[in-house]
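Since the model is a prediction, treat every value here as computed from it, not as a measurement. The first residue of the sequence shown is numbered 1, and numbering continues consecutively from there.
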Amino acid sequence: MSLDELANFLNSSSAPSGCMDLSELDGFLAGLVAGPEVVPREEWLPEIWDNEEPEYADAAEQAAVESAIFDRYAAIEAGLDATQLQYSVILWQDEGGTTVAEDWAAGFMQAVSLRSAAWQPALADEDASTLLIPIASLAGMTLSEDERGDEALSDDALEALVQDAAQVLPVCVLGLRRFWRQNLPGGGMVRH
């Protein structure tokens with residue numbers, strides 16, 4: 001199943017109404033890959049579907065959808081671990097041609113929330129927290145003004161960030177993955 005086919009399934013009536021779209025899923029998977037510890041598939045897979053069950057046509061469709069998700073996870077991991085960064089974020093453009101990055105960022109922050117205590121060292125580290133600010137700021141765009149609280153970035157800075165999101169976000173994800181690799185016992189993680 002291609003990413004386009006996966007996107008179609010996520011947007012179809014077979015998927016729960018509250019499930020992630022492809023951009024949000026990409027951010028979520030990037031957050032899992034970049035994070036401090038491996039989150040078991042059994043724990044994160046239901047998050048994609050908003051903890052409801054998709055209505056698969058049959059076992060083959062379920063296998064194809066889940067395989068496409070796991071393949072994207074592996075592709076993100078490989079892209080971040082390549083000698084040169086080869087991970088590109090999946091972002092949408094609205095009808096007016098404006099890049100929509102907040103879905104991706106909301107997905108990333110949802111992955112962070114699965115292990116919020118484990119992420120605390122990154123929040124306490126000046127360099128690592130700087131990498132999280134653009135992501136958290138974009139994710140904040142999905143909240144109402146009352147929920148947002150104090151803005152980390154001005155409206156102009158946020159607008160510039162949205163324009164540069166395709167370049168900025170992969171670098172942030174890579175930096176966070178490297179932070180954890182350098183700051184965890186043993187200096188690295190084994191992921192499966």
Side-chain angles (χ1 to χ4, degrees), residues 1-35 39-80 85-115 132 134-145 147-148 158-159 161-174 176:
M1 178 176 277
S2 70
L3 287 175
D4 286 340
E5 290 168 323
L6 178 58
N8 290 338
F9 182 84
L10 293 169
N11 292 327
S12 75
S13 59
S14 299
S17 60
C19 83
M20 296 179 180
D21 65 26
L22 188 62
S23 181
E24 189 177 357
L25 172 64
D26 191 64
F28 181 66
L29 296 175
L32 292 171
V33 169
V39 179
R41 283 182 182 176
E42 312 72 63
E43 184 179 341
W44 60 257
L45 198 55
E47 293 282 326
I48 295 167
W49 308 114
D50 197 28
N51 293 302
E52 293 182 35
E53 283 296 317
E55 294 177 19
Y56 296 110
D58 52 33
E61 183 178 54
Q62 179 176 353
V65 168
E66 290 181 358
S67 180
I69 293 168
F70 301 146
D71 288 350
R72 183 60 187 166
Y73 181 105
I76 293 169
E77 196 171 39
L80 292 171
L85 178 60
Q86 295 185 8
Y87 167 56
S88 298
V89 295
I90 297 174
L91 303 175
W92 301 120
Q93 288 196 331
D94 64 17
E95 294 81 20
T98 303
T99 299
V100 177
E102 53 268 30
D103 289 351
W104 184 96
F108 189 98
M109 295 310 294
Q110 187 169 347
V112 170
S113 73
L114 290 179
R115 292 292 184 273
L132 269 169
I135 299 170
S137 297
L138 287 170
M141 293 173 67
T142 64
L143 303 174
S144 70
E145 283 191 38
E147 292 174 303
R148 278 187 219 165
L158 207 49
E159 197 172 308
L161 177 57
V162 169
Q163 293 300 314
D164 296 335
Q167 291 76 42
V168 172
L169 294 175
V171 173
C172 292
V173 175
L174 177 63
L176 289 164

Output all residues satisfying ring-ring contact (aromatic ring centres under 6.0 Å, His included) with Tyr87, sequence neighbours left out; order by chain, then residue number.
none
With Glu43 via salt bridge (charged side-chain N to carboxylate O under 4.0 Å, His left out) - residues at least two apart:
Arg115
Spacing of Phe108 atom CZ and Leu169 atom CG [to the nearest 0.5 Å]
9.0 Å
Flag if over 12 foreign heavy atoms under 6.0 Å of CD, Glu53:
no
Counterpart residues, side-chain hydrogen bond (donor to acceptor under 3.5 Å, both in side chains), relative to Glu55 (two or more places apart)
none
Between atom OG1 of Thr99 and atom CD of Gln93, what is the distance when rounded to the nearest 0.5 Å?
4.5 Å
Distance (rounded to the nearest 0.5 Å) between Ser2 OG and Asn8 CG
7.5 Å
Going from CD on Gln110 to CD1 on Ile48, what distance comes out if it is rounded to the nearest 0.5 angstrom?
9.0 Å
So do Ile69 and Trp44 actually touch side chain to side chain, heavy atoms under 4.5 Å?
yes
Flag the pair Ile135 / Val112 as yes when at least one side-chain heavy-atom distance between them is below 4.5 Å, and no otherwise.
no
In the structure I gave you, are the side-chain heavy atoms of Leu25 and Ile90 within less than 4.5 Å of one another anywhere?
no
Report yes if some heavy atom in the side chain of Leu91 is under 4.5 Å from a heavy atom in the side chain of Val100; otherwise report no.
no
Within the side chain of Trp104, is there an N or O that forms a donor-acceptor pair under 3.5 Å with the backbone of Val89?
no
Looking at Ala101 and Ala165, what are the two nearest heavy atoms and their distance?
CB-CB, 3.7 Å
Would you call Arg41 and Phe70 a side-chain contact if the rule is heavy atoms closer than 4.5 Å?
yes
Show which side-chain atoms of residues 10-19 pair as donor or acceptor with protein atoms under 3.5 Å away, not counting sequence neighbours.
residue: Asn11; atom: ND2; partner: Ala7; partner atom: O; Å: 3.2
residue: Ser12; atom: OG; partner: Phe9; partner atom: O; Å: 2.7
residue: Ser12; atom: OG; partner: Ser14; partner atom: N; Å: 3.2

Would you list the pairs meeting salt bridge (charged side-chain N to carboxylate O under 4.0 Å, His left out) in which at least one residue belongs to residues 15-29, sequence neighbours left out?
Asp26-Arg72
For Glu61, check side-chain hydrogen bond (donor to acceptor under 3.5 Å, both in side chains) against everything at least two apart and list the hits.
none
